[in-house]
Amino acid sequence: MQKLILFLGLMPLFVSCKVEQKMRLEADKIISSKGVDIPVYDFQSFEPLLHLDDGKTRIINFWATWCKPCVVELPYFELINSRYKEAGVEVILVSLDLPSQVDTKLIPFLAKQHIESEVLLLDDPDANGWISKVDKNWSGSIPATIICKGNKMNFYERSFTYNELEQELKKIL
């Protein structure tokens, strides 16, 4: 009987740990236009993604449509997304575009470029507060990329060629 009581007492701890690992982000709002939904997050609601340990490898790229080096490297992220999806790799493109331009610039850009990766908008005006929480050495310039799996995280404040991106991904896989 004591073992049963102990088991029942400890069971919520195990269940809550499992649930925490499967957590998905809750968007602050969703901007919908032309059949495209862009979830919008402030940093507080986005930050758990940086620490999610669900067995997936994530490539999180901070970019904007107005950033030429960002736009040049997007096809490489798309190629990684298509080639490594079955290996449990998830590509997330974190747009830093202005929320007021999602409908007029971001969504048309995504359609024109045929972007298939997950895209979200990070809308948090306190960049001085959240940039160092992403990486303590990040100056805030973009493009910037995180490649992570579990507690392994590599941060890059630079642009990539396809081969460079794939090489860095393979270090985490």
Side-chain angles (χ1 to χ4, degrees), residues 10-28 38-65 67-97 106 110 113 115-173:
L10 292 175
M11 194 166 132
L13 292 174
F14 295 117
V15 171
S16 68
C17 290
K18 200 66 161 172
V19 169
E20 184 177 62
Q21 295 301 314
K22 293 184 179 184
M23 172 191 69
R24 289 302 298 169
L25 299 181
E26 292 294 324
D28 298 325
I38 303 291
V40 182
Y41 299 87
D42 64 10
F43 187 74
Q44 183 178 349
S45 60
F46 169 79
E47 187 176 24
L49 180 66
L50 300 175
H51 310 289
L52 192 58
D53 186 5
D54 60 359
K56 287 187 178 182
T57 302
R58 286 189 176 73
I59 300 176
I60 302 169
N61 178 252
F62 295 88
W63 71 289
T65 58
C67 167
K68 186 172 180 165
C70 300
V71 170
V72 167
E73 72 177 0
L74 278 180
Y76 312 139
F77 288 94
E78 281 297 285
L79 197 51
I80 290 287
N81 185 49
S82 67
R83 288 184 175 172
Y84 285 88
K85 190 174 278 194
E86 296 299 318
V89 174
E90 183 176 41
V91 174
I92 301 170
L93 303 174
V94 180
S95 172
L96 299 178
D97 286 282
L106 180 60
L110 297 173
Q113 299 298 320
I115 301 296
E116 298 290 328
S117 297
E118 182 178 349
V119 177
L120 61 90
L121 182 75
L122 183 56
D123 178 25
D124 194 320
D126 185 21
N128 290 332
W130 64 259
I131 285 173
S132 63
K133 292 178 183 176
V134 172
D135 186 270
K136 63 182 171 127
N137 297 315
W138 187 15
S139 73
S141 69
I142 54 175
T145 303
I146 296 170
I147 302 176
C148 58
K149 182 176 183 177
N151 63 356
K152 291 169 52 178
M153 180 184 290
N154 294 332
F155 177 80
Y156 309 88
E157 187 173 10
R158 56 172 280 218
S159 57
F160 285 100
T161 65
Y162 176 80
N163 289 335
E164 291 168 340
L165 183 58
E166 185 179 46
Q167 182 180 357
E168 294 304 316
L169 172 60
K170 287 180 177 180
K171 290 179 182 178
I172 295 282
L173 289 176

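Along the sequence shown, the residues carry numbers beginning at 1. As the structure is a computational prediction, the values presented were derived from the model and not from experiment.
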Name all pairs fulfilling the salt bridge (Lys or Arg N to Asp or Glu O under 4.0 Å) condition that reach into residues 75-87, sequence neighbours left out, sorted by first residue then second.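 Listed once each, the pairs would be none.
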All pairs passing salt bridge (Lys or Arg N to Asp or Glu O under 4.0 Å) where residues 149-166 contributes a residue, at least two apart: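 Every pair satisfying salt bridge (Lys or Arg N to Asp or Glu O under 4.0 Å) with a residue in residues 149-166: Arg158-Glu164.
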Taking the side chain as every heavy atom from C-beta outward, state whether [X] and [Y] have any atom pair closer than 4.5 Å.
{"X": "Ile146", "Y": "Arg58", "value": "no"}
{"X": "Ser82", "Y": "Glu116", "value": "no"}
{"X": "Tyr84", "Y": "Leu173", "value": "yes"}
{"X": "Ile142", "Y": "Leu96", "value": "yes"}
{"X": "Leu165", "Y": "Thr161", "value": "no"}
{"X": "Asn137", "Y": "Phe155", "value": "no"}
{"X": "Asp124", "Y": "Tyr41", "value": "no"}
{"X": "Leu74", "Y": "Asn61", "value": "yes"}

Aromatic ring proximity, centroids under 6.0 angstrom, Phe46 and Trp130: no
Let me see the working for Trp63 and Ser95 under side chain to side chain contact (heavy atoms under 4.5 Å, CB included), right down to the final yes or no. CA-CA 5 Å; Trp63 71 289; Ser95 172; 4.1 Å; yes
Working for side chain to side chain contact (heavy atoms under 4.5 Å, CB included), residues Ile59 and Ile172: CA-CA 10 Å; Ile59 300 176; Ile172 295 282; over 6 Å; no
Separation between CZ of Phe160 and CD1 of Ile80, rounded to the nearest 0.5 Å: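 CD1 of Ile80 is found 10.0 Å from CZ of Phe160.
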Chi angles and distances behind the side chain to side chain contact (heavy atoms under 4.5 Å, CB included) call for Ile92, Leu120: CA-CA 8 Å; Ile92 301 170; Leu120 61 90; 3.6 Å; yes
At their closest point, which heavy atom of Thr65 faces which heavy atom of Val71, and how far apart are they? O-CG2, 3.6 Å
Any idea which heavy atoms bring Ser45 and Pro48 closest together, and the distance?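 Closest approach of Ser45 to Pro48: O-CD, 3.5 Å.
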Checking Asp123 side chain against Val40 main chain: does a donor-acceptor pair fall under 3.5 Å? no
For Val89 and Asn81, what are the C-alpha separation, side-chain angles and deciding distance, and is it a side chain to side chain contact (heavy atoms under 4.5 Å, CB included)? CA-CA 7 Å; Val89 174; Asn81 185 49; over 6 Å; no
Knowing that exactly one of Leu122, Ile131, Thr145 qualifies, which makes a side-chain contact (heavy atoms from CB on, under 4.5 Å) with Phe62? Leu122
Does Cys67 have any disulfide bond (SG atoms under 2.5 Å apart) partners at least two apart in sequence or in another chain, and if so, which?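 Cys67 satisfies disulfide bond (SG atoms under 2.5 Å apart) with Cys70 only.
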